[in-house]
Amino acid sequence: MNFYEIEKLSEHRRTELERKLVETTRLREAGLGMSTPIRVIAAHALMTLAHRLDPRLAALPAGQSELAHPSGC
């Protein structure tokens with residue numbers, strides 16, 4: 001790879017990163033981009049629903065859920 005190719009690749013990567021940043025910013029401003037993963041939001045929603053059904057429920061300690069260590073099916 002010569003200097004020209006390296007410079008061209010670097011410019012392409014810089015342009016792509018700037019495009020992604022602009023796109024992410026637009027999505028967040030529109031309320032569509034989230035920094036919290038959807039699975040975390042879904043887990044909180046399910047726990048809220050479970051607590052409404054049975055207020056005595058307690059959350060499992062971190063790393064001890066069925067999802068972390070599924071039982072043999």
* What distance do Leu21 atom CG and Glu23 atom CD have between them, rounded to the nearest 0.5 Å? -> 10.5 Å

* Nearest-0.5 Å distance, CD of residue Glu16 to NE2 of residue His12 -> 5.5 Å

* **Result of checking Arg13, Glu11, Arg19 against Thr15 for side chain to side chain contact (heavy atoms under 4.5 Å, CB included)** => Glu11

* Check against side-chain hydrogen bond (donor to acceptor under 3.5 Å, both in side chains), Arg14 and Ser10 -> CA-CA 6 Å; Arg14 189 178 313 116; Ser10 174; 3.2 Å; yes

* Cationic N near anionic O, under 4.0 Å, Glu29 to Arg26 -> no

